[in-house]
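Here the structure is laid out as structure tokens; the discussion comes afterwards.
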Amino acid sequence: MQRLDLKVGFSCNSRCVFCVQGDKRSRVEPRTTAQLLATLEEKRSLCHEVVFTGGEVTLRNDLPSLVRAAVELGYERIQVQTNGRLLSRMELVDGLLDAGVTEFSPALHGANSATHDGLTNARGSFRQTVRGIANLRRRGALVCLNSVIVKQNAGQLAEMARLFVQLDVSQFQFAFVHALGSAGTHFESVVPRYRDIQQQLHQALAIGQAAGVRCMTEAVPLCWMKEWEEFVAERIMPDLALVEPDREVPSYTDYRLRLGKAHGPPCEDCTWSHRCEGPWREYPERFGWEEFVGRRDACP
Ligand code: SF4
């Protein structure tokens, strides 16, 4: 069984400099309630979990009714992926929990407002999302936090991990920026080098591990994760059926492996290559493969 990744539309109240959806908010019409209900019904025989995502899903008034429909159809896990800003209103948190959301995945991209608000282009967004996470935890909700690693926060990953532990999140994930959409447009200013983030990233994971908080990385190849391999999210990611307003991808795992990620010359005799997806292909297309060194240690 797969997880349904249901993109409701691309409207958003933030404007992140690294948004992979780029300018789709102005080009692509959001899906209607009826279309989304039809997709939930149609995909149920293939999928037992659903993630409502966008764009910003909490901007939609029909979100609680869509969640209720997912519950009635028997989806076992129902996740809301959000920038977390509107969750600063407790009545929205309560409404979504009453409807049947089983987990929330809000996003924080900095250890402070200067960094986070600078990246989201939304003044006050750090304060709102932090309050949203506090509201969720006050209600005992499962919080799987997501952070995108970019140049602007590369020096504060450890500090961010300390904040996440302090916020009592259930798990956190650091995803290396995918240089598509706005991140592709702003490549020079947002995409860091793996060699420059490795130390901070391992420190951040050590902080989560010491606090007993589940933590992971995404899109960080295994040559940068020596002795931290168990923290690589791709190892345990479920396959997604992706439904967007403008396209469908029946298996996101297949798409990611065939078209999204890349292997290069250093991977040819790397002992871990069969376990490693490699970087998003846009990274070596811009920086080359010189930075990568195939591993020689035994892969269990
Ligand atoms: S050299 Fe290639 S296959 Fe080996 S760990 Fe690095 S990116 Fe992965």
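Order of listing sets the numbers, starting from 1, for every ligand and every atom in it. Scope of the values below: all heavy atoms of this structure, side chains included, with no hydrogens, waters or symmetry mates. Everything numeric here is computed off the predicted structure, so don't read it as measured data.
Here Glu188 pairs with Arg286 in a salt bridge; the nearest charged N to carboxylate O distance falls below 4.0 Å. A salt bridge is absent between Arg256 and Glu234: the closest approach of a Lys/Arg side-chain nitrogen to an acidic carboxylate oxygen does not fall below 4.0 angstrom.
Listed by first and then second residue, the salt bridge (charged side-chain N to carboxylate O under 4.0 Å, His left out) pairs that reach into residues 12-21 come to none, sequence neighbours excluded. Among residue pairs with one or both ends in residues 127-136, those qualifying as side-chain hydrogen bond (donor to acceptor under 3.5 Å, both in side chains) are Arg85-Gln128, Asn135-Arg138; sequence neighbours excluded. Applying the side-chain hydrogen bond (donor to acceptor under 3.5 Å, both in side chains) test to residues at least two apart or on different chains, the pairs with a partner in residues 55-67 are Thr33-Asp62, Glu56-Thr58, Glu56-Thr82, Glu56-Asn83, Arg60-Asp62.
Protein N/O/S atoms closer to atom 4 (Fe) of ligand 1 than 2.8 Å number 1 in this structure.
Residue Arg214 places its CZ atom among 12 or fewer non-hydrogen atoms of other residues, nucleotides or ligands, all under 6.0 Å distant.
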